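It should be emphasised that the depicted structure is a prediction, and the values quoted were computed from it without experimental measurement.
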Amino acid sequence: MGGTSPKDMYLILYNAACCGGWAYVLSLGLPSVLLTLASDPFNLPSALSEVYSAGDGMLAEVLYYVQTAALLEIVHAAVGFVRSPVVITALQVGSRIAALFAIAHSPASQVQFGAGLMILSWASVEVPRYLFYVSAIVTGDATKKTPYPLFWLRYSLFAVLYPTGITGELTVFLSAAKDSAFLNLYGEGYASLMYYFIMSFPVIYAPGALPMIFNMAGNRRSAFKKRFARPPPPPRGIVFPVSSTKNGKDVRSSTPVGKSILSAAIGAVDSTKASMVTKERNWRFGYVKHIIGMVESQCASADAALKVAQAGLDKAYDVFEFVNEDGSKVSMREAMSQPSAKKFHTGFIQGEAPKQKNILEVPYKDGKLSGQALKDQVKKWVDYGTIEPSAGDAILGCVDNPDWVDLSDRYFVLLGAGSAMGPFLVLMALGANVVAIDLDRPGIWKRLIDVARKSSGTITFPLSAEQSALKNDDELYGAAGCNLFTQTPQIRDWLLELYPGKSFTVGSYAYLDGALHVQVSLAMDAITRDLSEKRKGTSLVYLCTPTDLHLVPKEAHDAAEREYKDYSKRLYCIVMNLLSRGKCLRKNARKPVPGEGGDYYMINGVSVAQGPNYILAKRLQHWRAIVARSKGCHVSSNIAPATSTVSVVSNRTFAWAYEGMPYFRPYEIFAPDSSKAVMLAILLRDLNDPTSPANPATELNNPNQLFSYGGFHGGTWRCAYEVDSIGEASVLIYFGRVAAPYLGVAAAAGAAIAAKVLGYV
């Protein structure tokens, strides 16, 4: 405990005190029920109705204080003491406080069975919950080091106690609504107001209860999966360097690496900003301002932008390690400086379907758009502001130039061929030649090869054995694939020698969570770097995220200004901004940054929740894109829209936010198939139109303007507010829409009651 921080010490004391308070409530309430049942075993409702008065009123008093103390949990989330969403925490605690207020001022609600059901359910959940938090802080690992019985209780009791607790709360609200003592608490003139106030909670509970239970069920699955995950294998391939040791084991933290890379990048042009990065103490939540500062420094000149990018890449190759099979390790730079001793064999499958017509089709909602229908929809997106005009022009170019869609003689290398946002399916449907790089897992290759066979294209892939020696498909699937982490030099060598004389378009599509995303991005970078510099005719492709920091056209900036003038006057937006003390609904349009070539306009789409590793991984791609382009390589790097991929919507908070985001014009959330089709269209324009910014011969005032064109951002650039500041507001909008029918019924019932009371009917 000697090394415990003041924050952790406070949280230990807070959680321990709350645990003690709820344990006391349970120690008074449970014996009261058991004592009554001992004399009358079949009268549980009567036993529960006496819980609130247990201990001669002591239970009620302790309940009041310990549940009110939960308001501090909202503060903890707001100031970053805990990683909980502020709005969700406020809703959960707020509903409890409302129930506490009702039972404290309604004698009728205190003596009905639901009061005891609510109190015992609360206490039975909270005692292990707070004890779990104490254990998690003390052990430093909530997932694996907390005692298993406590872990099980924390993630299992909700299945019974949430329904019983909600049932109890509903009975308290309904009893209070019929209790004249509660309704006249502030005088008879406020009785109607008190009635509608307390009845609003059952209306809200109707749509909100099940999502909350399902969310806990999802959390349970995730927690148990992590708890019983296999221990990580020994370090192999690309790894973070050892930053410290703990309990005799090496710790490879991503934080010092991320700081050192960003500091080196910024330090190439601004030593003061570099020093600020090094001194940043709250890297997890404080990294965004340094990313902004870096991009602002890059705006000074084209030379500054390239210096930052090259310095960041150089540092990454120096600091990351590559662990060989024998356990020896070298720097990433050294690992990629020489050919691999091992070689892949080559697998090849020719599709069996006839060649399709050269028609671009975009799946959208319940149909497929092509020709004039696609043109009409593109115009709607552009007019609404969901996409940039340059993105619209690119898609229209594919419609008007069907030869662009003839991919029979084009070769696409997909690093992460099975990625959710990769264009594999679209390319195969158009008859392209795909060189697929993905993990050596039979299930992946069965899916990819089956798709290829049913297409008019071809698929080429690395094999661990000669294809002719493989007896059947199962052996083929088992021998296919590779590992970007551990076989990086070997993959690079195979691609350098594959199909001599053919031009490769190399796309970096692999994605992993957390720190692994940085590692896989560096692996892809090592491969694309050497291919772009050593293989003639290579072009690079990157799929940019809207949740990043980009230079944008002045027209997008001006549109965001106009939207802000509109939305900032709306009552809902004003209230959300005030209640969050400016954290929610932050203005999107930023002041222009002066630099060589004029003013530059910037949109900060970074989502703090995604973490510094995510932004570092994407920054490595940005840096390689502009460095490779400066050396004469064709680079297509366009912004894709927010997309409802499985990995995103599996997080219920993100899924709820996605449902509410279209309230903020001009947002639209796209399905994966739609996103992949439109992004391929923009890529094909980049490959075929010599005036495209992807062409290094096209002049740009600043290299980072490469990302300003072809933006199919889904509304991020032109929205009134920064994307990271609309999440909570969007979730509330979603739940408001879900609750709307119930609120309508309640309003109609209230109007009928009022008409009756006033004598109109």
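- Salt bridge status for E280 with K259: absent, with no side-chain N to carboxylate O gap under 4.0 Å.
- The shortest non-hydrogen separation linking A510 to V520 is CB-CG2, 3.8 Å.
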Sequence neighbours excluded and cut-off under 3.5 Å, please list the side-chain donor-acceptor pairs for residues 409-419, or say none.
from	atom 1	to	atom 2	distance (Å)
R410	NH2	N688	OD1	3.3
S419	OG	M421	N	3.3
S419	OG	Y509	O	3.0

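- Counted by atom type alone, T691 and D689 present one or more donor-acceptor pairs between their side chains at under 3.5 Å.
- Of the inter-residue distances, the one linking R535 atom CZ with F504 atom CZ reads 3.5 Å to the nearest 0.5 angstrom.
- Here the side chains of M294 and V269 are not in contact, with every heavy-atom distance at 4.5 Å or above.
- Taken from CG in L540 to CE in M524, the straight-line distance is 11.5 Å, to the nearest 0.5 Å.
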Original post:
When you look at F461 and V434, which way does the side chain to side chain contact (heavy atoms under 4.5 Å, CB included) test go after all the steps?
Top reply: CA-CA 9 Å; F461 47 96; V434 171; over 6 Å; no
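- Heavy atoms only, all atoms of each residue included: A305 and Q298 are closest at O-NE2, 3.0 Å.
- Side-chain atoms of Q610 and T547 form a donor-acceptor pair, as typed in the model, at a separation below 3.5 Å.
- Remark: the S253 side chain and the S243 side chain contain no N/O donor-acceptor pair separated by less than 3.5 Å.
- Side-chain atoms of D686 and N638 include a donor-acceptor pair closer than 3.5 Å.
- Counting all heavy atoms, side chain and backbone alike, R492 lies closest to P339 at NH2-CA, 4.1 Å.
- Residues R83 and F285 meet the side-chain proximity criterion, which asks for heavy atoms closer than 4.5 Å.
- S607 and D724 share a donor-acceptor pair across their side chains, judged by distance under 3.5 Å alone.
- Looking at P672 and S644, their side chains come closer than 4.5 Å, going by heavy atoms from C-beta outward.
- In this structure, OH in Y658 is found 6.5 Å from OG1 in T643, a value given to the nearest 0.5 Å.
- Between E563 and R665, at least one side-chain nitrogen of the basic residue sits less than 4.0 Å from a carboxylate oxygen of the acidic one, meeting the salt-bridge criterion.
- In summary, the side chains of D493 and S340 do not present any donor paired with an acceptor at a separation below 3.5 Å, with no hydrogens or angles considered.
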Original post:
Given S568 and Y721, is the side-chain hydrogen bond (donor to acceptor under 3.5 Å, both in side chains) satisfied, shown in steps?
Top reply: CA-CA 9 Å; S568 62; Y721 303 110; 5.4 Å; no
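- Side-chain contact of T545 with K618: a donor-acceptor pair under 3.5 Å is absent, judged by distance alone.
- Using a 4.5 Å heavy-atom cutoff, the side chains of I527 and L484 are in contact.
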**OP:** Determine, step by step, whether I292 and R590 satisfy the side chain to side chain contact (heavy atoms under 4.5 Å, CB included) criterion, reporting the C-alpha distance in whole Å, the side-chain angles of both residues, the deciding distance to 0.1 Å, and the verdict.
**Re:** CA-CA 11 Å; I292 295 173; R590 307 175 66 88; 3.6 Å; yes
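- S331 and D318 share no donor-acceptor pair across their side chains, judged by distance under 3.5 Å alone.
- Closest approach of S297 to K273, counting heavy atoms only: OG-NZ, 2.9 Å.
- Between I639 and the choices F707, Y709, F712, Y542, the side-chain contact (heavy atoms from CB on, under 4.5 Å) rule is met once, by F707.
- Remark: K342 NZ is loosely packed, at most 12 non-hydrogen atoms of other residues, nucleotides or ligands lying under 6.0 Å away.
- Rounding to the nearest 0.5 Å gives a distance of 14.0 Å between CZ of F322 and NZ of K329.
- Between V606 and Y287, the closest side-chain pair of non-hydrogen atoms falls below 4.5 Å.
- For F670 and W381, the ring centers sit closer than 6.0 Å to each other.
- Proximity of L616 to L262: side-chain heavy atoms (C-beta onward) are nowhere separated by under 4.5 Å.
- Taking 4.0 Å as the cut-off between side-chain N and carboxylate O, D548 and R619 count as a salt-bridged pair.
- Atom CE of residue M332 and atom CG of residue L522 lie 4.5 Å apart, to the nearest 0.5 angstrom.
- Ionic pairing of D558 and R562 is not present here: no N-O contact between side-chain nitrogen and carboxylate oxygen is shorter than 4.0 angstrom.
- In this model, no donor atom of one side chain and acceptor atom of the other lie less than 3.5 Å apart for S532 and T538.
- Inspection of the Y601 and S708 side chains reveals no N or O donor paired with an N or O acceptor under 3.5 Å.
- Look at R718 and E555 and you find no salt bridge, because none of the NZ, NE, NH1 or NH2 atoms lies under 4.0 Å from a carboxylate O.
- Inter-residue side-chain proximity for I491 and P462 is flagged as unmet; no heavy-atom pair is nearer than 4.5 Å.
- Counting heavy atoms of neighbouring residues, nucleotides and ligands inside a 6.0 Å radius, atom NZ of K587 exceeds 12 of them.
- In this structure the side chain of Y511 reaches within 4.5 angstrom of the side chain of Y614, judged on heavy atoms.
- Using a 3.5 Å distance cut-off with no hydrogens or angles, the side chains of D525 and Y317 do pair a donor with an acceptor.
- With sequence neighbours excluded, no residue satisfies salt bridge (Lys or Arg N to Asp or Glu O under 4.0 Å) with E699.
- Checked by atom type, the side-chain pair E722/N588 shows no donor-acceptor distance below 3.5 Å.
- Listed here is the closest heavy atom pair of N695 and R629: O-NH2, 3.0 Å.
- Remark: Q487 CD to I437 CD1 distance equals 10.0 Å, nearest 0.5 Å.
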Subject >> Full working for side chain to side chain contact (heavy atoms under 4.5 Å, CB included) between V288 and L549 >> reply: CA-CA 9 Å; V288 177; L549 194 74; over 6 Å; no
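- In plain terms, the two heavy atoms of G312 and I261 that are nearest each other are O-CG2, 3.6 Å.
- For H713 and H550, the ring centers are positioned 6.0 Å apart or more.
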**OP:** Applying side chain to side chain contact (heavy atoms under 4.5 Å, CB included), run through W494 and K343 and close with a yes or a no.
**Re:** CA-CA 7 Å; W494 179 71; K343 301 293 181 182; over 6 Å; no
